[in-house]
Amino acid sequence: PFAKGGPEAWIAPKVSTTVNWQNEGSEIKRIDSSRPQNTRYYGEQGLTWTYIKETGRRFGFFPSDGIFDQKSPMIFSGSNLSDWQLKAYLNSTLSHGLFLTLTPEREWNPGDVGRIPWDRRLEELDDLDRIARKQYKIFLRKRHYDPRSPYYIAPELIPEGYGTDFFYKNHPFTQNIGDVEFKSGS
């Protein structure tokens with residue numbers, strides 16, 4: 001899976017592009033114009049966002065086993081902070097206002113994202129984590145009727161209980177969704 005940004009990177013990025021990164025990307029690196037950067041983070045889960053977007057809410061959870069580039073950069077929360085808490089904070093009205101003071105033209109570079117302050121007291125708010133996870137699950141459930149989605153189960157017209165297995169069983173993202181429950185007909 002390859003994060004490419006776009007208008008649907010918010011909450012749960014819609015990923016429809018894949019890249020062959022086998023053997024540390026040897027197939028890609030053999031192209032003269034290829035310059036993969038920050039490859040040590042490839043495969044790590046984190047937050048991605050759309051670099052340029054007219055609206056504010058743009059941070060989404062990107063599961064492990066994917067790669068990214070400058071059009072859809074990544075931020076990694078580290079071991080002491082939940083990706084979910086960070087996503088909730090970065091998508092807040094407060095953060096949006098702070099971003100606009102830094103970049104009124106709405107081009108959010110990684111350096112600008114790194115300048116947004118973080119208050120350690122936010123780490124104590126379990127509700128941020130819970131609400132962000134719930135929001136993510138809702139977005140994924142909406143995608144299990146989309147045949148282009150790795151979370152596709154069946155057409156929406158299929159009666160409830162008919163099919164609950166993912167169509168793309170070997171997609172890395174469906175292997176990393178944890179406790180997200182999917183039901184046909186919901």
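Quantities reported herein were computed from a predicted structural model and do not represent experimental measurements.
Cluster membership for Leu86 and Leu122, using ILVMFWY side-chain heavy atoms within less than 4.5 angstrom, is shared.
In this structure, Thr18 OG1 and Asp65 CG are separated by 13.0 Å, a value rounded to the nearest 0.5 Å. For the atom pair Arg35 CZ and Asp69 CG, the distance stands at 12.0 Å (nearest 0.5 Å). Atom OG of Ser95 sits about 6.0 Å away from atom CD1 of Ile116, to the nearest 0.5 Å.
With hydrogens and angles disregarded, a donor-acceptor distance shorter than 3.5 Å links the side chain of Asn91 to the backbone of Phe59. Between the side chain of Thr50 and the backbone N or O of Arg58, no donor-acceptor pair lies under 3.5 Å.
Scanning for side-chain contact (heavy atoms from CB on, under 4.5 Å) contacts around Pro117 gives Tyr89, Leu98, with sequence neighbours left out. Applying the side-chain contact (heavy atoms from CB on, under 4.5 Å) test to Thr48 and every residue at least two apart in sequence or in another chain returns Ala3, Pro13, Phe62, Ser72, Met74. In this structure, the side-chain contact (heavy atoms from CB on, under 4.5 Å) partners of Glu107, at least two apart in sequence or on a different chain, are Tyr51, Ile52, Glu105.
Screening residues 18-41 for ring-ring contact (aromatic ring centres under 6.0 Å, His included), with sequence neighbours left out, gives Trp21-Tyr42, Tyr41-Phe76. Residues in residues 112-122 take part in these salt bridge (charged side-chain N to carboxylate O under 4.0 Å, His left out) pairs, two or more places apart or across chains: Asp112-Arg115, Asp119-Arg121, Arg120-Glu123. Applying the salt bridge (charged side-chain N to carboxylate O under 4.0 Å, His left out) test to every pair with at least one member in residues 20-32, sequence neighbours left out, gives no pairs at all.
Scanning both residues, Ser64 and Gly43, for their nearest heavy atoms gives CB-O, 3.1 Å. For the pair Ala132 and Trp84, the tightest heavy-atom approach, listed with the atom from each and the gap, is CB-O, 3.3 Å. Of all non-hydrogen atoms in Leu47 and Leu90, the two that sit nearest each other are CD1-CD1, 4.1 Å. Nearest heavy atom pair, residue Phe68 against residue Asn38, reads CZ-O, 4.2 Å.
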Check against side-chain contact (heavy atoms from CB on, under 4.5 Å), Gln70 and Gln37: CA-CA 9 Å; Gln70 80 281 1; Gln37 297 181 22; over 6 Å; no

Audit row: Arg143, Arg148, side-chain contact (heavy atoms from CB on, under 4.5 Å) steps and yes/no: CA-CA 9 Å; Arg143 299 227 175 108; Arg148 298 165 298 168; over 6 Å; no

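A salt bridge links Arg130 to Asp127: one of the charged nitrogens lies within less than 4.0 Å of a carboxylate oxygen.
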